[in-house]
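Counting convention: from 1, in listed order, for ligands and their atoms alike.
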Amino acid sequence: MTRHFTSLIETGAEEVAALVESARAFKRKPNTDRPLAGKSVAFCFMNPSLRTQVSCEVAAAALGAHPVTLFLGSGTWKIAVEDGVVMDGDCPEHAREAVPVLARMCDALALRSFPAGKDWKEERKDPYLEAFRRLSSVPVISLESAMGHPCQGLADQMTIRERMDPRGKEFLLTWAPHIKPLPLAVPHSAAEAAVLAGMNLTIARPEGYDLDPEIMEKLKGVCRAQGTRLRVTEKPEEAYRGAHVVYGKAWGSLAQYGAPPPADPAFRAEWRVSADKMALTDQAIFLHCLPVRRNVEVDDAVLDGPASAAVDQAENRMHTAKAVLHRLLTGKHYSPEANKCPIPSTR
Ligand code: CP
């Protein structure tokens, strides 16, 4: 595994599958040996969270580590990141000191840093996450940046593997309406998780709502290597046919970066995930990273129906967080079977 956990594709298909197996082992048989006792992990948030914060804190504490949750810029000094900046503005601290200081006190650092929605060319470089990766002497975990949400993608793949052998199955990532132009991190990582699991990927989105071109090239590369298929369509209903997994998610347009999606009711109805559309699938499960805007992105009937695995998916954030922390801080995957004492021979 790479030193940091900041991208699923960088982590690789085999390692991602091994992390999912480790997470499933934690879910089956929680570890009570406190393998991370004496260690500390700093979870740094520049944006709000429910699932990510709670899953990380609970996972770290359950393994015996001390979670330190920081809200950068509100509970801490606001941190500058640009090289050579004259710090006469509102940032009294620079990442060049803040990150090494945190790394001297903690055994891993984790960061959530959303894009501002102003300049994709700059924001896609993920300046805060890159500063953490560059300046930290301990492993760094992305808790969602502009380009990816690997912890979410890991839980997505785990939730799929709990229900089916994903190889050769059909994964539909469908754009969904919203009142705001949301980041692309979740759709990027959901698509990565699907292709790394050997699934055929369909991305249904309106014109102007493509994923980042570099991510698309990486997805195509994985599909080529695995002999799987990637298609992109503007026809949502057609895309649902034969799907085994439907992943609904709103994201902003890169063509009109920062602009809210159209609010036209007919357009929203065309793209909202509905029971009628789900009925076109091959009994697909429904996934969403949450939080979800009911009856804007997805109808109540889908979220409250038997196909929805969204709450299980959120629970799996905790198990996958344990898997990532265990791997990064012990160098090993969790495997309760491997830890068993051999049964003494009677012969
Ligand atoms: N899915 C997810 O990351 O949820 P939060 O934003 O609540 O952490």
Asks: With sequence neighbours excluded, what pairs up with T281 under the side-chain contact (heavy atoms from CB on, under 4.5 Å) test?
Replies: Y240, A243, V246, A284

Asks: I'd like to know if the side chain of H333 pairs up with that of E15 as donor and acceptor (distance under 3.5 Å, no hydrogens or angles considered).
Replies: yes

Asks: Tell me: protein heavy atom nearest atom 7 (O) of ligand 1, and distance?
Replies: L50 N, 2.7 Å

Asks: Between R317 and ligand 1, which residue portion shows a heavy-atom distance shorter than 4.0 Å: side chain, backbone, both, or neither?
Replies: side chain

Asks: Out of H149, Q152, Q53, indicate the one that has the non-hydrogen atom closest to atom 3 (O) of ligand 1.
Replies: H149

Asks: Under 3.5 Å, is there a donor-acceptor pair between the R327 and S22 side chains?
Replies: no

Asks: Using a 4.0 Å cut-off to any heavy atom of C289, which atoms of ligand 1 qualify?
Replies: 1 (N)

Asks: Assess the side chains of Q53 and T69: does a donor N or O sit below 3.5 Å from an acceptor N or O?
Replies: no

Asks: Before signing off on this row, confirm whether T52 and ligand 1 have an N or O atom pair separated by under 3.5 Å.
Replies: yes

Asks: Find out whether D282 and E170 are in side-chain contact, i.e. whether some heavy atom of one side chain is under 4.5 Å from a heavy atom of the other.
Replies: no

Asks: Can you report which non-hydrogen protein atom sits closest to atom 4 (O) of ligand 1, along with the distance?
Replies: R51 NE, 2.9 Å

Asks: Side chain, backbone, both or neither: which part of Q313 comes within less than 4.0 Å of ligand 1 when only heavy atoms are counted?
Replies: neither

Asks: How are the rings of Y247 and F171 set to each other: parallel, tilted or perpendicular (split at 30° and 60°)?
Replies: tilted

Asks: Considering heavy atoms of the protein only, find what lies nearest to atom 6 (O) of ligand 1 and give residue, atom and distance to 0.1 Å.
Replies: R112 NH1, 2.9 Å

Asks: Would you kindly specify which portion of V186 sits under 4.0 Å from ligand 1, judged on non-hydrogen atoms: side chain, backbone, both or neither?
Replies: neither

Asks: Could you pull out, from V54, D156, L290, the option with a heavy atom nearest to atom 1 (N) of ligand 1?
Replies: L290

Asks: Quickly, which of W175, F267, W251 forms a ring pair (Phe, Tyr, Trp, His ring centres under 6.0 Å) with Y209? Name it, please.
Replies: W175

